[in-house]
Amino acid sequence: MLFNSLTFVVFFALVLAGFWTLKSWNARKNLLLVASYVFYGAWNPPFALLLFLSSYVDFLLGLRMAKTPQGSGSRRGWLLVSLVVNLGMLGFFKYGTFFLENLQWLLAQAGVVYQPPTMDIVLPVGISFYTFQSLTYTLDVYRGTLQPTRSLRDFAFFVAFFPQLVAGPIVRAADFLPQCEAPAPLRPGRMAWGLFLMTLGLFQKVVLADTLLAGASETVFGHRGPLVPLDAWAGVIAFSGQIFFDFSGYSTCAIGAALCLGFSLVDNFRFPYAAIGFSDFWRRWHISLSSLLRDYVYIPLGGNRKGMARASINVLIVMFVGGLWHGAAWTFVAWGVLHGVYLVIE
């Protein structure tokens with residue numbers, strides 16, 4: 001169910017009408033939880049069970065960790081279970097085929113003929129986003145910076161909240177769960193801003209990305225022969241605009257839809273092409289992901305506290321992870337490593 005589809009317009013209108021009609025906060029949350037699972041199940045119903053399984057496991061693990069003292073082996077063990085379950089599911093569905101193909105290639109270089117089984121793995125929509133989201137909860141509970149929620153409904157709602165479930169922005173448990181405790185006042189002005197942001201996001205996605213820029217981008221990058229410099233530059237600029245307006249438009253729609261329902265989501269883009277360097281770019285582009293990688297990967301690795309050489313290695317590791325997160329292909333890995341190199345040089 002895409003934001004730029006008539007199905008979503010009808011779906012969102014019904015959800016919005018029900019949300020504003022209900023007076024009880026619990027009833028509103030129940031409505032949004034059901035709506036979120038209907039939204040996700042519309043892509044592929046069995047994957048809604050996978051979404052709930054991931055949520056239920058981390059909910060239980062959060063309660064378990066809260067009952068064990070800081071620094072204990074049991075606490076680390078429960079965190080390890082969360083990491084294995086979440087990253088295991090992400091690895092299987094998103095990287096399973098990629099791993100088998102590369103294993104087959106490596107064995108072939110050694111003269112071993114190996115034919116991997118045909119798995120036909122279907123990638124669950126948004127699994128990269130909700131996996132990282134759920135992990136922010138268990139990691140923060142483990143650190144002691146977040147008290148675990150006692151409500152399975154609130155936690156399942158946090159993971160499955162439909163406006164940002166498919167393409168972000170990635171929301172942290174510490175930012176979203178407090179908003180579930182008490183309702184935000186329903187103000188017409190907030191609704192107006194939310195609808196404006198949704199309209200702006202759809203304009204970016206439908207008019208600019210899909211209509212104005214997609215044709216030039218696809219023509220140039222799909223051309224098999226040589227190109228004159230003007231055409232090459234036109235294609236690069238068109239593609240740069242296309243990926244920005246596509247992604248930013250979807251994030252803006254998500255922020256606007258959440259605002260209509262009384263929830264605040266983080267900004268995900270802040271004029272990234274106005275950046276004056278690569279580090280500045282990553283403070284402006286896909287902010288929810290870059291800040292998450294900084295706080296949960298870069299800083300735990302030591303950040304820049306252990307000298308320039310170690311900081312450079314940490315940057316390369318983070319950007320490698322960021323590249324691989326975007327897609328299961330060596331092109332994404334190369335893109336991430338290149339950005340890591342640029343950041344180290346800068």
Side-chain angles (χ1 to χ4, degrees), residues 29 32-33 36-37 40 47-95 124-162 164-181 263 265-266 286-303 314 317-318 321-322 324-325:
K29 288 193 289 187
L32 293 181
L33 177 61
S36 296
Y37 271 87
Y40 192 70
F47 288 152
L49 296 175
L50 185 69
L51 175 64
F52 178 75
L53 175 63
S54 174
S55 304
Y56 185 64
V57 168
D58 281 343
F59 170 75
L60 292 180
L61 291 173
L63 294 177
R64 290 283 187 178
M65 280 189 282
K67 295 178 180 178
T68 57
Q70 285 277 9
S72 66
S74 298
R75 196 178 182 93
R76 287 191 293 271
W78 294 126
L79 176 64
L80 181 62
V81 172
S82 174
L83 292 170
V84 169
V85 170
N86 284 283
L87 298 180
M89 288 195 300
L90 179 62
F92 174 77
F93 284 103
K94 188 168 184 176
Y95 304 104
V125 175
I127 189 171
S128 299
F129 288 90
Y130 72 71
T131 297
F132 273 30
Q133 242 179 240
S134 191
L135 280 175
T136 66
Y137 174 76
T138 51
L139 287 167
D140 284 349
V141 171
Y142 172 78
R143 294 171 172 177
T145 59
L146 177 68
Q147 290 299 313
T149 178
R150 302 288 174 178
S151 172
L152 175 60
R153 177 195 58 191
D154 284 2
F155 185 73
F157 171 48
F158 150 67
V159 178
F161 188 45
F162 72 86
Q164 44 73 231
L165 175 60
V166 174
I170 302 172
V171 179
R172 303 188 190 192
D175 295 328
F176 191 88
L177 286 174
Q179 298 184 59
C180 296
E181 295 176 1
F263 291 88
L265 304 183
V266 296
H286 202 352
I287 301 168
S288 61
L289 174 65
S290 57
S291 63
L292 186 145
L293 291 174
R294 178 197 64 206
D295 295 342
Y296 293 94
V297 181
Y298 179 70
I299 292 177
L301 285 173
N314 292 341
I317 292 172
V318 167
V321 172
L324 196 59
W325 180 88

Heavy-atom pair with the smallest gap, counting every atom of [X] and [Y]:
| X | Y | result |
| --- | --- | --- |
| R75 | V141 | NH2-O, 2.6 Å |
| V125 | Y130 | O-CE2, 4.2 Å |
| A160 | L165 | O-CD2, 3.7 Å |
| S55 | Y37 | OG-OH, 4.2 Å |
| S82 | L135 | OG-CD2, 3.7 Å |

Passes side-chain contact (heavy atoms from CB on, under 4.5 Å), Y298 versus I317? Steps please.
CA-CA 8 Å; Y298 179 70; I317 292 172; over 6 Å; no
[X] side-chain N/O to [Y] backbone N/O, donor-acceptor pair under 3.5 Å:
| X | Y | result |
| --- | --- | --- |
| Q133 | I170 | no |
| K29 | D154 | no |
| Q70 | R143 | yes |
| T68 | M65 | yes |
| S54 | L51 | no |
| S291 | I287 | yes |

Start with the C-alpha gap between R153 and L33, add the side-chain angles, then the distance that decides, and say whether side-chain contact (heavy atoms from CB on, under 4.5 Å) holds.
CA-CA 8 Å; R153 177 195 58 191; L33 177 61; 3.7 Å; yes
Walk me through whether Y56 and L152 qualify under side-chain contact (heavy atoms from CB on, under 4.5 Å).
CA-CA 7 Å; Y56 185 64; L152 175 60; 3.8 Å; yes
Name all residues meeting the side chain to side chain donor-acceptor pair (under 3.5 Å) criterion together with [X]; count only those two or more places apart in sequence or in a different chain, and write none if there are none.
| X | value |
| --- | --- |
| D295 | R172 |
| D140 | Y296 |
| S128 | K94 |
| S74 | none |

Output every pair passing salt bridge (charged side-chain N to carboxylate O under 4.0 Å, His left out) with a member in residues 57-73, not counting sequence neighbours, ordered by first then second residue.
none
Test of ring centre spacing under 6.0 Å for Y40 and F47:
no
Test of ring centre spacing under 6.0 Å for W325 and Y95
no
Might you work through the side-chain contact (heavy atoms from CB on, under 4.5 Å) test for V159 and F59, ending with a clear yes or no?
CA-CA 10 Å; V159 178; F59 170 75; over 6 Å; no
Can you name the residues that form a ring pair (Phe, Tyr, Trp, His ring centres under 6.0 Å) with Y137, not counting sequence neighbours?
F155
Return the orientation label for the F263 and F157 ring planes: parallel under 30°, perpendicular over 60°, tilted otherwise.
perpendicular
Does any part of the side chain of L292, heavy atoms only, come nearer than 4.5 Å to the side chain of T136, both counted from C-beta?
yes
Distance from L83 atom CG to Y142 atom OH, nearest 0.5 Å?
10.0 Å
